Amino acid sequence: MSIYDSLNPKQQEAVFHTEGPLLILAGAGSGKTRVLTHRIAYLIEEKHVKPWNIMAITFTNKAAGEMRERVDKLVGSGSESIWVSTFHSSCVRILRRFIEYLGYNTNFTIYDSDDQRTLMRQVLKKMDLDPKQFRDRAIINAISTAKNELISPQEYRLNAGGDWREQKIAAVYQEYQDCLKRNNALDFDDLIFKTVELFNASEEVLEYWQERFCYIMVDEYQDTNTAQFRLISLLAGKYKNLCVVGDDDQSIYKFRGANIRNILDFEGAYPGARVIKLEQNYRSTSHILDAANAVIQNNEGRKDKALWTDNGAGEPVEFRQFEQAYEEAEGIVRDILKHGYAYQDCAVLYRTNAQSRLLEEQCIRNNVPYRLVGGVNFYQRKEIKDVLSYLKTIANGHDDLAAQRIINVPKRGIGATTIGRITAWSSEQGISFYDACVRILAIPGMGKAAARVGKFTAQMESFRELLQTGASIKELIEAVVSETGYQEALEAEGEIEAQTRLENIEELINKAVSYSEEHEQPDLNEFLEEVALVADIDRMDDSENRVTLMTLHSAKGLEFPMVYLSGMEDGLFPGMMALMSDDKTEVEEERRLCYVGITRAKERLLMTAARLRMVNGETRYSKVSRFVEEIPAELIQAERLYERAGRQRNNETGADGLPWAKSRQQKGVSMFGMKSNSYDSPTPDFSGTPACGAGIFDAAGAGGRASKNPAPAFGKQFTVQRQTALDYGVGDRIRHIKFGEGTVQAIEDGARDYEVSVNFDGAGTKKMFASFAKLKKI
DNA sequence: CGTGGCATAGTTTTT
DNA sequence: CTATGCCACG
């Protein structure tokens, strides 16, 4: 009895085929991770391949982590030396050792999309291009596409030919790359691009890695782009022991450069490649699977395959159309409360992040604990970026963007003029921005600002010393936040803002602590880089009992017993862009996305749509998504609204006859923004807090209990409950966590919360919200 | 130099 | 509608 007996014949075939190129076409839920992990185990235990000669590439860190965990269980010792990581982190590791061949320094920094944008603006400004004609976003996209296709600035210029605009973009591309290099920085696309460049530049380096990775496995192969394909080809070029796993029907990252031809043409690129299809699905009921098959069949140019399952038929797929978008959200949440699945077994999926708002509202309203994946990345939040910029500047002064970001945060009286002068001087001298700051006295025309800059650099140097003398990253962050006055400045901004932001910083500190615990020799640079490559999905903690809200894209690779597909409307999903496009593969891509969504469901699938939805401030009517129509009637149980004539509609929806009247009214009583007493308890207005809907945050339900409890429950950022009564009154002595002791001056019954004025012994009079201030009676 | 107000533009999905 | 950017004022 071996561990391989539990695999089906096809899976075994894939596991035992170890030499030469292998394409595993793994349909949704066909156990591909099982195959990959068992294959690794087989290589090590039966073929005696050294663990360090194996490389497994996944798309997200989360997937990498899971795979590593499962491999650990299968393979006793040595599994830690297998490379299991994403394309991006693999490339970083390679570049950290050899990028000097390309004239960069090995302690390069990684620019995220925000940094990229900042830099691009600087470049566009410097080149004096009409911002109307050359939008940063558009140029970044063009460059990104070029990099994904391995097109260098020089080639871009050649391809541009006589096209004036393209010529300009080529020049911007060139300048942008020069700036990156001067800053010793790489953007996301560069990580792959530069690694390929490195391999092309040095036979010696390439051979080193070819010998290192004799066995390579790539997951989600349908989503690789040209650069990634090239990278893999180079690495596997010598031994050709390349095993790729993917499903062409789940290719959903075209916008990111993914080239579906990579998987469709694999056999062409690797003659003699073995192809194994995994078609048995272990995840879903046959109703769900048949619905998925029915939808995807409408695509052309796919690899022929037929997924089947011997799970039971299960319940039919359901579809419900609602009048209003908020009713749709409400319907979903009600259903969650009704059907009895644990919260953590439910996922609500949608096409665009904007749709999460209504769902959140309804979850909060009905006390359903949820977890939001996506939106603004945690690491892109202002306060986090600020702190990280400090750390970057402390770690090495090479990152100009980071230094420029924080030199006047908190306010130090160093304005744009001064920063501009320093920047100009630093580029004249060919030194970094930070180094220029250090030599501030040498810069002409500085005046008063010189002293301020001097104070700044002195402080930064003191932080460096702190780090030298062995302070942990945690201690460093704490020192930065308190000694620079960052925390103070934050608190001055307002109670609610400060609270959420400080909690975010707290979360970053936690991250730093767990990093330090995991590594024998914690290193600030390494920490920064780890943090630079995390995706939202990586931070998803599925141990808590919460409903998951996320985009269809984020859902790839996951599964849930109960799945809701919301916003099934033509114009939203498939999106307007795809419908309008002449390129019909755009709709096909959306259809694949739908296929991914459907196949996430194990037991029950409910699709929903609204006939009316607010989009960009105006109400839009939509038809039911064509994807729903593609599911044969016998598989689906549909509740539709009748298509009504316009006049009748007015009677139904709005007292004043306006079609959108009802939605306005609803907006008025919504949880966001408006003051309203129609709920058991008001909630903070988090439509205004930047942290809202950002990254993953946890909104805790009342311990998993549904309704009844009048206090709405938020977690983390929103650990807010309006106290029905305060245990202190005017004149009482209280204690505040930061301001110390004081006397309550007044309590106002505000719209959302009690506003308490307190005269602190040390800090004077402050007005604060009761639920945030956490005042204790003494 | 900092702030606040106004105008404008933008909108998919993310490593 | 909302976020961001720019400009004018204090």
Side-chain angles (χ1 to χ4, degrees), chain A residues 57-64 85-92 110-114 116-117 121 125 131-132 135-138 141 144 147-148 186-192 220 223-225 227-228 251-258 349-355 357 373-377 379-380 408-420 447-449 452 532-538 550-556 567 571-581 586 589-590 592-594 596-597 614-619 660 663-664 667 672-673 687-688 690 692-693 695:
Chain A
I57 294 184
T58 61
F59 257 74
T60 63
N61 291 305
K62 183 168 188 280
S85 57
T86 63
F87 270 106
H88 294 269
S89 13
S90 299
C91 288
V92 172
I110 300 162
Y111 278 3
D112 68 14
S113 27
D114 272 356
Q116 216 179 350
R117 194 145 172 244
R121 286 212 187 125
K125 202 167 221 171
K132 284 240 157 38
R135 264 181 238 298
D136 50 9
R137 212 52 253 160
N141 276 338
S144 176
K147 286 181 179 175
N148 288 159
L186 300 182
D187 65 21
F188 277 132
D189 301 318
D190 277 341
L191 293 176
I192 318 285
E220 306 284 11
D223 286 324
T224 49
N225 61 37
Q228 290 163 335
S251 168
I252 56 172
Y253 283 105
K254 191 172 152 205
F255 70 92
R256 207 166 75 188
L349 311 181
Y350 38 81
R351 180 67 238 267
T352 66
N353 278 307
Q355 290 166 255
R357 273 260 179 118
V373 181
V376 180
N377 192 310
Y379 290 101
Q380 287 178 321
N408 199 31
V409 177
K411 306 263 180 293
R412 293 187 177 89
I414 303 168
T417 337
T418 309
I419 294 176
K448 277 177 295 195
R452 296 172 185 156
L533 296 173
V534 294
D536 284 307
I537 198 75
D538 301 335
M550 64 185 157
T551 63
L552 286 150
H553 282 88
S554 300
K556 194 169 73 156
L572 183 64
F573 186 37
M576 219 41 154
M577 301 286 240
L579 287 178
M580 296 302 210
S581 168
E586 299 245 330
E589 172 114 344
E590 300 267 315
R592 288 192 290 269
L593 195 53
C594 182
V596 167
M614 287 272 270
V615 177
N616 294 65
E618 60 183 32
T619 320
W660 55 83
S663 84
R664 268 226 198 116
K667 196 100 186 114
F672 292 79
S687 61
C692 167

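Here the structure is a predicted model, which is why all the values come from computation and not from measurement. For the numbers below, each heavy atom of this structure counts, side chains included, while hydrogens, waters and symmetry mates do not. Lettering follows sequence order; numbering is per chain, from 1.
Partners of A:S251 by side-chain hydrogen bond (donor to acceptor under 3.5 Å, both in side chains), not counting sequence neighbours: none found. Scored by the side-chain hydrogen bond (donor to acceptor under 3.5 Å, both in side chains) test, A:T224 finds A:N262 as partners (sequence neighbours excluded). For A:A64, the side chain to side chain contact (heavy atoms under 4.5 Å, CB included) test picks out A:T58, A:V84, with sequence neighbours left out. A:R135 pairs by the side chain to side chain contact (heavy atoms under 4.5 Å, CB included) definition with A:A138, not counting sequence neighbours. Remark: A:A449 engages A:T418 in a side chain to side chain contact (heavy atoms under 4.5 Å, CB included) (not counting sequence neighbours). Applying the side-chain hydrogen bond (donor to acceptor under 3.5 Å, both in side chains) rule to A:E220 yields the partners A:K32, A:Q222, A:K556; only residues at least two apart in sequence or on another chain are considered. Listed by chain and number, the residues in a ring-ring contact (aromatic ring centres under 6.0 Å, His included) with A:Y253 are A:F255, A:H553 (sequence neighbours excluded).
Within the structure, every side-chain polar atom (N or O) of A:S113 is placed at least 4.0 Å from both OP1 and OP2 of B:dT14. Not one side-chain nitrogen or oxygen of A:N148 sits closer than 4.0 Å to the OP1 or OP2 atom of B:dT15. Distances shorter than 4.0 Å separate some side-chain N or O of A:N353 from OP1 or OP2 on B:dT13.
Nucleic acid contact for A:E590: base, since at least one base atom lies under 4.0 Å from a heavy atom of the residue.
Evaluation of atom-type donor-acceptor distances gives no pair under 3.5 Å for the side chain of A:R256 against the base of B:dT15.
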Taking only N/O atoms, report every protein-nucleotides 5-7 of chain C pair under 3.5 Å with atom names and distance.
residue: C:dG5; atom: OP1; partner: A:R121; partner atom: NH1; Å: 2.4
residue: C:dG5; atom: OP1; partner: A:R121; partner atom: NH2; Å: 2.7

Using a cut-off of under 3.5 Å, enumerate the N/O to N/O pairs linking the protein to nucleotides 1-3 of chain B.
residue: B:dC1; atom: OP1; partner: A:G415; partner atom: N; Å: 2.8
residue: B:dC1; atom: OP1; partner: A:T418; partner atom: OG1; Å: 2.6
residue: B:dC1; atom: OP2; partner: A:T417; partner atom: OG1; Å: 2.5
residue: B:dG2; atom: OP1; partner: A:N408; partner atom: ND2; Å: 3.2
residue: B:dG2; atom: OP1; partner: A:G413; partner atom: N; Å: 3.4

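Between the side chains of A:T352 and A:Q355, a donor-acceptor pair is found at a separation under 3.5 Å.
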